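One structure below.
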Protein chains: 2
Amino acid sequence: METTPETRATASHDGGHGAADVVDNAMPCGADRLLRMLWGQWKTHVIYVLGEQQACRFGVLRRRIAGISPKVLTTRLRELEADGLVWREQDNTIPPKVTYGLTETGRAVHHVLRDIEKIEV
Amino acid sequence: METTPETRATASHDGGHGAADVVDNAMPCGADRLLRMLWGQWKTHVIYVLGEQQACRFGVLRRRIAGISPKVLTTRLRELEADGLVWREQDNTIPPKVTYGLTETGRAVHHVLRDIEKIEV
DNA sequence: CGGCATCCTTTAGGATACTG
DNA sequence: CAGTATCCTAAAGGATGCCG
């Protein structure tokens, strides 16, 4: 799902008969792409925690998100980094020190998260 | 995942030693709940299409969302309805006629969807 | 400390066929 | 028309354990 970005809207060959009910492929839904960056069990929590401070180390992040396993946290962070929502800074020392934070886009997302929170359900 | 709402934050027993790094269980993240309503492959598309008009019949909806199967569309609609984002009106006639639309909350979501779309990535 | 690697279980998503 | 029912595959998610 994450690996194949455009698996849909591939049905434009059309049998050849006159198309009147041809599907509306001009689906706007740019929000879909961004929302997809927020799918997955812990994404919002990561954004939240990172949004509360300027930067955060891996271990701290992990402790602040109760119940997440290191593997999953790493995966989430890599996804968010690949999507340009999170930056990562690594010290190649022993012991290693890796710091994470939100990018500008990440902060924008953090902001809409706060808006979403306000919706009464 | 949808069926077990609070599987996390269950680690408050604490060994007994002074707790300084005790996890921050007061995770706010109310956005998480709403965002979760938007997970799943076609949710945003449904909200979008329904948001463009006042109401929409099942078949129309299905044709406007290229590639979705009836089963999946039904599932998505049931989920959105259960979450209070979509209403459903059924005529028990033959042939049946079922109409869907956004609730007030659904419209609020549709609105933030438009905001999210504006985020530059 | 901050990860990868490996394995496994659960869940989501979809194709197809049938029905009130 | 608007769904169910059944079956199947692909991902996501998570529990270890090892390594630089």
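Within every chain, numbering begins at 1; the chains are lettered A, B, ... in the order of the sequence lines, protein sequences first and strands thereafter. Values reported hereafter were calculated over all heavy atoms of this structure, with side chains retained and with hydrogens, waters and symmetry mates removed. Quantities reported herein were computed from a predicted structural model and do not represent experimental measurements.
Residues passing the salt bridge (charged side-chain N to carboxylate O under 4.0 Å, His left out) test with Arg78(A) are Glu81(A), sequence neighbours excluded. The side-chain hydrogen bond (donor to acceptor under 3.5 Å, both in side chains) test applied to Asn92(B) returns Gln90(B), not counting sequence neighbours.
Taking atom CZ of Arg36(B) as the reference point, atom C1' of dT11(C) lies 13 Å away to the nearest angstrom. The distance between atom CD1 of Ile68(B) and atom C1' of dA15(C), rounded to the nearest whole Å, is 14 Å. Spacing between atom CE of Met37(A) and atom C1' of dA12(D) amounts to 18 Å, rounded to whole angstrom units. Note: CG (Leu73(B)) to P (dG14(C)) measures 11 Å, nearest angstrom. Between the CD atom of Glu81(A) and the P atom of dG2(C) there is a distance of 15 Å, given to the nearest Å. Per the geometry, CD belonging to Glu89(A) stands 13 Å off P belonging to dG3(C), to the nearest Å.
Distances shorter than 4.0 Å separate none of the side-chain N or O atoms of Trp42(B) from OP1 or OP2 on dA12(C). Phosphate proximity of dA12(C) to Gln41(B): absent, as no side-chain N or O sits under 4.0 Å from OP1 or OP2. Side-chain N/O atoms of Trp39(A) include none lying less than 4.0 angstrom from OP1 or OP2 on dA12(C).
Lys43(A) places a side-chain N or O within donor-acceptor distance of the main-chain N or O of Met37(A), the cut-off being under 3.5 Å. Counting only distance, with no hydrogens or angles, the side chain of Trp87(B) and the backbone of Leu102(B) share a donor-acceptor pair below 3.5 Å.
Within 6.0 Å of CD on Gln53(A) lie more than 12 heavy atoms contributed by other residues, nucleotides or ligands.
At a threshold of 4.5 Å between non-hydrogen side-chain atoms, the residues Arg33(A) and Glu117(B) do not count as touching.
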At a cut-off of 3.5 Å, list every protein nitrogen or oxygen paired with a nitrogen or oxygen from nucleotides 1-8 of chain D, distance to 0.1 Å.
{"residue": "dC1(D)", "atom": "O3'", "partner": "Arg57(B)", "partner atom": "NH2", "Å": "2.8"}
{"residue": "dC1(D)", "atom": "O3'", "partner": "Pro96(B)", "partner atom": "O", "Å": "3.4"}
{"residue": "dA2(D)", "atom": "OP1", "partner": "Arg57(B)", "partner atom": "NE", "Å": "2.8"}
{"residue": "dA2(D)", "atom": "OP1", "partner": "Arg57(B)", "partner atom": "NH2", "Å": "2.9"}
{"residue": "dA2(D)", "atom": "OP1", "partner": "Val98(B)", "partner atom": "N", "Å": "3.4"}
{"residue": "dA2(D)", "atom": "OP2", "partner": "Gly59(B)", "partner atom": "N", "Å": "2.8"}
{"residue": "dG3(D)", "atom": "OP1", "partner": "Arg78(B)", "partner atom": "NH2", "Å": "3.0"}
{"residue": "dG3(D)", "atom": "OP1", "partner": "Arg88(B)", "partner atom": "NH2", "Å": "2.7"}
{"residue": "dG3(D)", "atom": "OP2", "partner": "Tyr100(B)", "partner atom": "OH", "Å": "2.7"}
{"residue": "dT4(D)", "atom": "OP1", "partner": "Arg78(B)", "partner atom": "NH1", "Å": "2.7"}

